[in-house]
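Right, one structure below, let's go through it.
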Protein chains: 2
Amino acid sequence: MLSKSAEYALRATIYIALKGSEDNKLGIDEIAKAIDSPQYFTAKILQLLTKNNGVVSSVRGPNGGFYLSDAARKLPVRAVLEAVGEDGIITKCVLGLKECSESRPCPMHDQYRAIKAQLRQMFEKTTIQALAEESAKGKIVINNRPPKKKA
Amino acid sequence: MLSKSAEYALRATIYIALKGSEDNKLGIDEIAKAIDSPQYFTAKILQLLTKNNGVVSSVRGPNGGFYLSDAARKLPVRAVLEAVGEDGIITKCVLGLKECSESRPCPMHDQYRAIKAQLRQMFEKTTIQALAEESAKGKIVINNRPPKKKA
DNA sequence: TAAAATAAAGATAAAAATATCTTTTATTAG
DNA sequence: CTAATAAAAGATATTTTTATCTTTATTTTA
C-alpha cells in the first residue's frame, strides 16, 4: 500500500509528535528504536520531512534532535506523504493509467472513486496531532514490543 | 498504490478477457502493445497468472496465446492481485505494523477500517468479466493512444 | 516429419528502493 | 575557544523491482 519510506515517515512523525517538544527534542537513535525502523534510513527520511515542507524541525548539537512545531502538529497527514513523494495513493489511477479521468475512466474508476475520496478525506482531514493523541490513548506505533520503560 | 506488476497484471487480464477467447487466443506482443506495457516483463507476469492460480490460460505453438476460461472470468479481481503477491493492500496495516489488529490497533486503524473493507469489497465482489464488460462499454485499459485499428 | 509459431524458462541487465557507513557542519556546554 | 554532541550531507552497498534478451519446449500445420 505505502512504501517503507512512507511507513517510517508516518510512524516517526507520530512518535515525535507524541514524545517530543521544542524543549525535549528526540535523537534519531531513540526514534528509530522506538518505531522499529532502520536508523540511518530513518534519518534520511526525517531529512526529507525537515526540508521538503517543514513537517519536522531539527537542530544539531548537544540537546539537539527532532521535534514538531505547533504549526506542524496541525498539518494534515497528507503533508507527510507528500514530503516522501507518496501521495499517489490519493491521486493516481488504480490501474496506473495516466489517461484515466472522469471523462475517460478506466474499468475500475467508478468503483474506486468513492474509496479514493475517503482515502483523501482520511489523509487530509486528519492532523498529525490527532494521530499523536490516538497514540497517547494507547494506539501502537511499534512492532513486536510491549510499551517499554526507559533504561 | 499498486506495483507495476499488479497494474500490468490487471490491465492484461482485462484486455484478454475483453478481446480473447478459447478460439481467439492473444499473443503477448499484441497484449503488451494494447495495454502499453513492456512486452517481456508482461510475459513474465502472465506466466504467474497462468501458474499461480489459473487466472489466465495459455497454449504454445501456432495459433497459441492467452485466453480466459469461463471459470476464470468469474474469478474476483483479487485473484489477479494474489497471483502477483499484491493483496497487501487489503490485508495489511497502513503503517506497516505486523502487530496492528483490532485488539491492538495503530493510530490510523479505526479510520482505515471502513476504507479497507470497501477496498476488499471492490476486489472481491468484482469479477474479471465485470471489468471486461466495463471495458467493452468504453472504459479504457491503455495509455496515450486512441483505440487503434489493426495494421 | 519438418518447419514455423508461440509461450515457458532461464539468464542477464538496469533502475529504483532500501539500508549502512563516513565525513562535515552546526550547536552547545564547559 | 575547545571539546563533545547531534543532525546534515555525501558516498557506498544491498536488495527488490522492473525490464530485456536468449534458449528451450510445445503445438500446429504443411
Side-chain angles (χ1 to χ4, degrees), chain A residues 1-13 15-16 20 22-33 35-52 54-68 81 83-86 88-89 96 143, chain B residues 1-13 15-16 20 22-33 35-52 54-68 81 83-86 88-89 96 143:
Chain A
M1 168 98 158
L2 294 175
S3 65
K4 298 268 180 153
S5 294
E7 291 173 1
Y8 299 154
L10 289 169
R11 279 154 49 193
T13 303
Y15 181 80
I16 296 168
E22 185 147 10
D23 43 50
N24 179 33
K25 309 189 188 77
L26 308 180
I28 185 60
D29 51 340
E30 171 184 351
I31 296 166
K33 230 166 261 165
I35 67 170
D36 191 24
S37 68
Q39 167 168 344
Y40 294 115
F41 190 54
T42 307
K44 291 292 183 193
I45 291 165
L46 288 181
Q47 280 178 39
L48 288 179
L49 290 167
T50 302
K51 281 192 304 190
N52 284 6
V55 174
V56 171
S57 304
S58 72
V59 310
R60 308 191 222 195
N63 299 313
F66 299 92
Y67 68 99
L68 264 68
L81 297 183
V84 295
E86 275 278 327
I89 189 174
N143 269 318
Chain B
M1 167 97 158
L2 294 175
S3 66
K4 299 269 180 156
S5 294
E7 291 173 0
Y8 299 153
L10 290 169
R11 280 155 47 194
T13 302
Y15 181 79
I16 296 169
E22 184 147 9
D23 42 51
N24 180 31
K25 310 190 188 74
L26 308 180
I28 185 60
D29 51 339
E30 170 184 352
I31 296 166
K33 232 166 258 164
I35 67 170
D36 192 23
S37 68
Q39 167 170 345
Y40 294 115
F41 189 54
T42 308
K44 291 293 184 193
I45 291 164
L46 288 182
Q47 281 178 39
L48 289 180
L49 289 167
T50 300
K51 283 191 303 190
N52 284 7
V55 174
V56 172
S57 304
S58 73
V59 311
R60 310 192 221 195
N63 299 312
F66 299 92
Y67 68 99
L68 264 68
L81 298 184
V84 295
E86 275 278 326
I89 189 175
N143 270 317

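To find a chain, count down the sequence lines: A is the first, B the second, and so on, and within it residues start at 1.
- Looking at residues two or more places apart in sequence or on another chain, you find a side chain to side chain contact (heavy atoms under 4.5 Å, CB included) between B:Asn52 and B:Leu48, B:Ala83.
- Not counting sequence neighbours, the partners of A:Thr42 by the side chain to side chain donor-acceptor pair (under 3.5 Å) test are A:Ser37.
- Side-chain contact check for A:Ile28 versus A:Tyr40: every heavy-atom pair is 4.5 Å or farther apart.
- Heavy-atom contacts from other residues, nucleotides or ligands closer than 6.0 Å to NZ of B:Lys4 number 12 or fewer.
- Side-chain contact between A:Asn63 and A:Asp23 is absent, with no heavy-atom pair separated by less than 4.5 Å.
- In 5' to 3' order, the nucleotides of DNA chain C bounding all contacts with chain B (an atom under 4.0 Å from a heavy atom) are C:dA4 to C:dA11.
- Evaluation of the side chain to side chain contact (heavy atoms under 4.5 Å, CB included) rule for B:Phe41 yields B:Ser5, B:Tyr8, B:Pro38, B:Ile45 as partners, not counting sequence neighbours.
- Using a 4.5 Å heavy-atom threshold, the side chains of B:Ile31 and B:Phe66 count as touching.
- Summarising the geometry of A:Met1 relative to A:Ile89, their closest heavy-atom pair is CE-CD1, 3.2 Å, with the distance given to 0.1 Å.
- Here A:Leu46 contributes atom CG and A:Gln39 contributes atom CD; the two are 10.5 Å apart, rounded to the nearest 0.5 Å.
- The shortest heavy-atom contact between B:Val84 and B:Ala6 is CG2-CA, 3.9 Å.
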I'd like a table of atom pairs between the protein and nucleotides 17-19 of chain D - only N or O on both sides, under 3.5 Å - with the distance next to each one.
| from | atom 1 | to | atom 2 | distance (Å) |
| --- | --- | --- | --- | --- |
| D:dT18 | OP1 | B:Lys4 | N | 3.0 |
| D:dT18 | OP2 | B:Ser5 | OG | 2.9 |
| D:dA19 | OP2 | B:Tyr8 | OH | 3.1 |

Where do N or O atoms of nucleotides 4-8 of chain D meet protein N or O atoms at under 3.5 Å, pair by pair?
| from | atom 1 | to | atom 2 | distance (Å) |
| --- | --- | --- | --- | --- |
| D:dT5 | O2 | A:Pro62 | N | 3.4 |
| D:dA6 | O4' | A:Gly61 | O | 3.1 |
| D:dA7 | OP1 | A:Ile28 | N | 3.1 |
| D:dA7 | O3' | A:Ser58 | OG | 3.2 |
| D:dA8 | OP1 | A:Ser58 | OG | 2.6 |
| D:dA8 | O4' | A:Arg60 | NH1 | 3.3 |

